[in-house]
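The figures here come from the full heavy-atom set of this structure, side chains too, leaving out hydrogens, waters and symmetry mates.
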Amino acid sequence: MASGRVDLDGNPIKPITICMIGAGGFIGSHLCEKLMSETPHKVLAVDVYSDKIKHLLEPSSLPWADRIHFHRINIKNDSRLEGLIRMADLTINLAAICTPADYNTRPLDTIYSNFIDALPVVKYCSENGKRLIHFSTCEVYGKTIGCFFPKDSPLRQDPAYYVLNEDTSPCIFGPVEKQRWSYACAKQLIERLIYAEGAENGLEFTIVRPFNWIGPRMDFIPGIDGPSEGVPRVLACFSNNLLRREPLKLVDGGQSQRTFVYIKDAIEAVLLMIENPARANGHIFNVGNPNNEVTVRQLAEMMTEVYAKVAGESPIDTPTVDVSSKEFYGEGYDDSDKRIPDMTIINRQLGWNPKTSLWDLLESTLTYQHRTYAEAIKKATSKPVAS
Ligand SMILES: NC(=O)c1ccc[n+]([C@@H]2O[C@H](COP(=O)([O-])OP(=O)(O)OC[C@H]3O[C@@H](n4cnc5c(N)ncnc54)[C@H](O)[C@@H]3O)[C@@H](O)[C@H]2O)c1
Ligand SMILES: O=C(O)[C@H]1O[C@H](OP(=O)(O)OP(=O)(O)OC[C@H]2O[C@@H](n3ccc(=O)[nH]c3=O)[C@H](O)[C@@H]2O)[C@H](O)[C@@H](O)[C@@H]1O
């Protein structure tokens with residue numbers, strides 16, 4: 001399986017040990033899967049939850065059983081963290097609060113999670129001469145320059161004012177009272193700190209800016225494997241509505257635009273970063289799919305059509321409903337208008353390109369959602385209500 005593997009420059013790839021913090025989350029679970037099935041690397045998997053990687057940890061007869069070890073650690077307050085970073089060749093930090101519903105309602109937790117809790121990780125890597133791959137976000141770009149032009153300005157159509165480039169685009173956030181930006185601002189500051197550790201102390205780092213990675217195991221379905229009142233990211237919100245045959249809620253008319261990339265494509269990019277340090281160190285990488293752009297309304301329409309196909313059910317009569325952001329997210333919400341990643345740097349350094357179309361990735365993801373949750377939802381909704 002793993003013998004004879006070479007990097008992009010033709011050099012043999014040596015097995016390494018990776019300390020992966022946040023390994024039990026959506027991205028972490030896919031990265032662990034990839035590392036176990038296609039590489040010889042070892043993973044020290046750190047998280048407070050392990051449900052999404054349970055299938056990789058048990059039974060002990062799995063072929064990679066001796067290459068993955070789970071450490072149930074909250075990085076906020078656990079002295080074992082430094083030891084694990086020292087044992088590893090590379091640390092990948094994925095741990096974060098990263099659902100928009102939290103940014104304006106739990107801004108302190110959001111800032112602590114994305115900045116304060118990441119500080120020791122950066123410090124231990126720097127002090128111990130260990131390489132770090134840190135997960136930031138495309139939200140650090142905030143809003144596009146284009147959205148400040150008048151609605152009918154032709155400049156809005158000029159890519160110079162909306163395509164987001166790592167080295168040249170500014171980071172444009174709303175005012176402080178729009179607490180939506182607490183997450184983006186904390187991520188931006190940790191990026192700056194990592195960059196400064198590189199410049200002043202020689203930290204070997206790579207920063208990843210994911211652009212709406214989606215796929216199986218993303219977030220939770222409220223009331224099934226997460227809190228009934230919880231608000232996950234849009235893929236899980238819309239999946240939940242489709243599974244329950246409810247209208248999909250379009251926040252402020254669903255006019256915001258996003259580019260969605262399939263998690264399996266994006267994980268290929270991360271593996272290239274892991275195995276090509278000379279090409280990845282010192283860089284910030286956009287990882288997204290510029291060809292998969294839709295408005296949120298178009299996403300809702302496409303998900304409705306795809307779900308009808310995979311579930312064999314016709315859509316409900318009113319598939320979408322408009323809702324204000326204040327009603328949906330509460331006070332202090334704001335939004336990124338448009339997110340198209342510039343792919344020049346990742347193309348040049350790692351030769352990576354996304355492959356999967358939005359339709360195809362929704363088809364495989366919604367097939368998974370239907371298979372995983374449809375029965376549980378049926379049971380939950382048919383339970384008699386206690387009097
Ligand atoms: N999914 C995306 O498209 C996307 C986009 C932009 C940025 N990101 C970034 O990528 C990273 C991973 O995102 P994800 O989608 O997998 O999110 P996720 O919520 O599924 O995973 C994060 C994991 O970190 C763990 N964690 C959080 N705080 C922790 C702590 N104090 N100690 C130990 N573990 C802790 C959580 O339990 C969770 O399993 C985050 O940093 C996020 O900001 C993701
Ligand atoms: O995934 C990313 O790249 C980054 O962006 C996400 O932010 P956002 O795209 O705004 O979050 P989603 O919950 O996926 O929402 C996308 C859009 O759909 C809208 N939405 C969401 C849920 C819903 O039910 N209806 C609805 O219209 C939101 O208002 C927003 O405009 C999150 O901040 C992070 O996970 C991440 O850093």
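Both Ile267 and Ile53 belong to a common hydrophobic cluster when Ile, Leu, Val, Met, Phe, Trp and Tyr are linked at side-chain heavy-atom distances under 4.5 angstrom. Connection of Val140 to Ile345 is not established within any shared hydrophobic cluster, with ILVMFWY side chains joined at heavy-atom distances below 4.5 Å, either directly or through further cluster members. Cluster annotation: Ile111 is not connected to Ile194 through the hydrophobic network of ILVMFWY side chains, with a link wherever side-chain heavy atoms come within less than 4.5 Å. Two different hydrophobic clusters hold Val46 and Ile18 under the rule that ILVMFWY side chains link at heavy-atom gaps under 4.5 Å. Linking Ile, Leu, Val, Met, Phe, Trp and Tyr residues whenever their side-chain heavy atoms come within less than 4.5 Å leaves Ile21 and Leu31 in two separate clusters.
Between Trp181 and Phe173, the two ring planes are parallel [angle under 30°; tilted spans 30° to 60°].
Under a 3.5 Å cut-off, the side chain of His30 and the backbone N or O of Pro216 do form a donor-acceptor pair. Between the side chain of Arg131 and the main chain of Ile274, a donor-acceptor pair closer than 3.5 Å is present. Between the side chain of Asn286 and the main chain of Asp342, a donor-acceptor pair closer than 3.5 Å is present.
Counted by atom type alone, Glu191 and Ser136 present one or more donor-acceptor pairs between their side chains at under 3.5 Å. A side-chain donor-acceptor contact under 3.5 Å links Thr99 and Asp102. When only modelled atom types and interatomic distance are considered, Arg339 and Ser336 share a side-chain donor-acceptor pair under 3.5 Å. For the 3.5 Å distance criterion, the side chains of Arg72 and Ser50 qualify, holding a donor opposite an acceptor. Side-chain contact check for Thr295 and Gln255: no donor-acceptor pair (N or O, by modelled atom type) lies under 3.5 Å. Using modelled atom types, one finds a donor on one side chain and an acceptor on the other under 3.5 Å when comparing Arg217 with Ser29. Under the 3.5 Å distance criterion, with hydrogens and angles disregarded, a donor-acceptor pair is assigned to the side chains of Ser256 and Asp335.
The number of heavy atoms from other shown groups lying within 6.0 Å of OH (Tyr195) does not exceed 12. Atom CZ of Phe148 has more than 12 neighbouring heavy atoms from other residues, nucleotides or ligands inside a 6.0 Å radius. Around NZ of Lys130, the count of heavy atoms belonging to other residues, nucleotides or ligands within 6.0 Å exceeds 12. Counting heavy atoms of neighbouring residues, nucleotides and ligands inside a 6.0 Å radius, atom OH of Tyr112 does not exceed 12 of them. Within a 6.0 Å sphere centred on CD of Glu127, other residues, nucleotides and ligands contribute more than 12 heavy atoms. Applying the 6.0 Å contact sphere to CZ of Arg192 captures no more than 12 heavy atoms from other residues, nucleotides or ligands. Other residues, nucleotides and ligands place more than 12 heavy atoms under 6.0 Å from the CZ atom of Arg233.
Smallest separation of non-hydrogen atoms from Leu8 and Leu350: CD1-O, 3.6 Å.
By the 6.0 Å and 45° rule, Arg209 stacks over the aromatic ring of Tyr141.
A heavy-atom distance below 4.5 Å is found between the side chains of Ile214 and Leu362.
Going from atom CG of Leu243 over to atom CD of Glu313 covers 8.5 Å, rounded to the nearest 0.5 Å. How far CZ of Phe211 is from OG1 of Thr137: 8.0 Å, rounded to the nearest 0.5 Å.
Partners of Gln349 under the side-chain hydrogen bond (donor to acceptor under 3.5 Å, both in side chains) rule, at least two apart in sequence or in another chain, are His283.
Among the candidates Trp213, Phe285, Phe26, the single residue satisfying the ring-ring contact (aromatic ring centres under 6.0 Å, His included) test with Phe135 is Trp213. Tested against Lys42, the residues Met87, His69, Arg67, Met36 include a single side chain to side chain contact (heavy atoms under 4.5 Å, CB included) partner, Arg67.
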Original post:
Are Leu366 and Ser239 close enough, and set up right, to give a side-chain contact (heavy atoms from CB on, under 4.5 Å), and what steps lead you there?
Top reply: CA-CA 7 Å; Leu366 292 179; Ser239 300; 3.8 Å; yes
